[in-house]
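Data first, discussion second: the structure below is written as structure tokens.
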Amino acid sequence: MPQFEGNDLYIEQVKLSDIAKKYKTSTYVYSKSKIVTNFENYKKALGSREGLICFACKTNSNGTILKLLAKLGAGADTTSGGEIYRCLKADFDPSKIVYAGVGKTAEEIEYALKSRIFMFNVESFEELDAIDKIAAKIKIKAKIAFRINPHVDPDTHSYIITGKKGTKFGIPYEEAVKAYLAAKQKKNIEILGIHSHIGSQILDIDSFRLAAQKIKKIVNIVEKNGIKLEYVNFGGGLGVEYKKDQKAPSPKQLISELFPVFDENKKFIFEPGRSIIANAGHLLVKVIYRKISGGKSFLITDAGMNDLIRPTLYEAYHEILPVKMTNDKKVKTDVVGPICESGDFMGKDRMLPFVEQGGYLLITCAGAYGFAMSSEYNSRPLLAEVLVNGDKTMLIRKRAKYEDLLLNEV
Ligand code: LLP
């Protein structure tokens, strides 16, 4: 996490105010060492058990960050042809790429097969048929796991629960065995394992354990039918501490709960996204104006909901820190953007010390689903991204220009 030294806020050994001056704002800023530590924590938790940590690149698909993780030995969890493309460009070994998603198109399936990815996480009978047909056409056998919806209901925002009955994800629990028996009949399909992802920003381990126990029951029945499931993929979902009073389990706590549920010989896959990149990235913004209106205090920043949509979309909380601490009395303030919508806020009713016009704020823990979910809404060019490594900084994405807004128009 960013740290104060004296009155200045730092990431690693670099002052955030210096980053703001050098690269302008708003800018996403990432800590390399935090990314490495977060990933290594998963690797350590896996220990000597055979398995793969596939970074969920939907959280953050910057090529430099992907390359860093690929170099550390990560696999990739992808959800579109575009993500597979990015991961291949970032030097991920195709045999470490898994591919989930309820709506894989024929083009995407063919691209994934030709790219020789590790496996598809298949989410419906219809998708199984489509993959089998395309695999036959191009004569490349498809390796698959079924994504099983275990019907558990973790405590998180309703938009990001995926393992609950009635959601669009995976094969319903009751139909899992039928799916495996159907796949066994397909000539162009090779069954490798089983997958389940129950949701995101989950802080209670119980839901993961419950899902694992249900998945284990399916594994037993499927294997009794002569189908070997070599890999068990638990998906991602481990939450992070956005607020001081939250307590997130460590990868080690999570994994040591799940291991005992399965036999020693099973190979494991995890698809963490948020727990690797969220607290390694932050959004650095400038205060354009201070404003009092209707008895409320507002800090209007140069970042809007198009740059970080999580607060308005999920009512997500991101701690906001001044980049320079002062001894002034803290005042209750809304931190908002320039966009013409009341949902355009980064934080409401935050106790913040005086920040002058032109001063900077850091919206913390925004490395996951931050830049990745940003848009050009209000014709606002996409932001710059900077990676901090010790006392050095590196631009890893240029700030887009006005011309870029028109790039694909005809
Ligand atoms: N695997 C699958 C199949 C997924 O669908 C996801 C995330 C992950 C892995 C990674 O989950 P994580 O470790 O990051 O929790 N935009 C929302 C979160 C959407 C999660 C979608 N699936 C947010 O900003 O909270």
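Just follow the structure's listing: the first ligand is 1, and inside any ligand the first atom is 1.
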Exercise for review: Validate the cation-pi geometry between Lys34 and Phe39: distance from NZ or CZ to the six-membered ring centre under 6.0 Å, angle to the ring axis within 45°.
Suggested key: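 No; the conditions do not both hold, so Lys34 does not lie above the ring face of Phe39.
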Practice item. Report yes or no: is the cationic atom of Lys214 (NZ for Lys, CZ for Arg) closer than 6.0 Å to the six-membered ring centre of Tyr173, at no more than 45° off its axis? Key: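 Because its charged atom sits under 6.0 Å from the ring centre and within 45° of the axis, Lys214 does stack over Tyr173.
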Review point. With no hydrogens and no angle check, is any side-chain donor or acceptor of Asp344 less than 3.5 Å from a backbone partner on Met305?
Key: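 Judged by distance alone, yes, a pair lies under 3.5 Å.
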Exercise for review: Could you tell me if the ring centre of His318 sits under 6.0 Å from that of Tyr242?
Suggested key: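 Distance test on ring centres: under 6.0 Å, yes.
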Exercise for review: Tell me whether the centres of the aromatic rings in Phe234 and Phe270 are closer together than 6.0 Å.
Suggested key: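 Yes.
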Check your understanding: In terms of side-chain heavy atoms, does Lys216 have a donor or acceptor partner in Asn220 at a distance below 3.5 Å?
Key ->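 The criterion, which ignores hydrogens and geometry beyond distance, is satisfied for Asn220 and Lys216.
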Check each N or O atom of ligand 1 against all protein N or O atoms and list the pairs under 3.5 Å, with atom names and distances to 0.1 Å, one per line.
| unit_1 | atom_1 | unit_2 | atom_2 | d |
| --- | --- | --- | --- | --- |
| ligand 1 | 1 (N) | Asp77 | OD2 | 3.1 |
| ligand 1 | 1 (N) | Glu271 | OE1 | 2.6 |
| ligand 1 | 5 (O) | Lys58 | NZ | 3.0 |
| ligand 1 | 13 (O) | Gly237 | N | 2.9 |
| ligand 1 | 13 (O) | Gly273 | N | 2.9 |
| ligand 1 | 14 (O) | Arg274 | N | 2.8 |
| ligand 1 | 14 (O) | Tyr369 | OH | 2.7 |
| ligand 1 | 15 (O) | Ser200 | OG | 2.4 |
| ligand 1 | 15 (O) | Gly237 | N | 3.2 |
| ligand 1 | 16 (N) | Tyr314 | OH | 2.8 |
| ligand 1 | 22 (N) | Lys58 | NZ | 3.4 |
| ligand 1 | 24 (O) | Arg310 | NE | 2.6 |
| ligand 1 | 25 (O) | Arg274 | NH1 | 3.3 |
| ligand 1 | 25 (O) | Arg274 | NH2 | 2.8 |
| ligand 1 | 25 (O) | Arg310 | NE | 3.4 |
| ligand 1 | 25 (O) | Arg310 | NH2 | 2.9 |

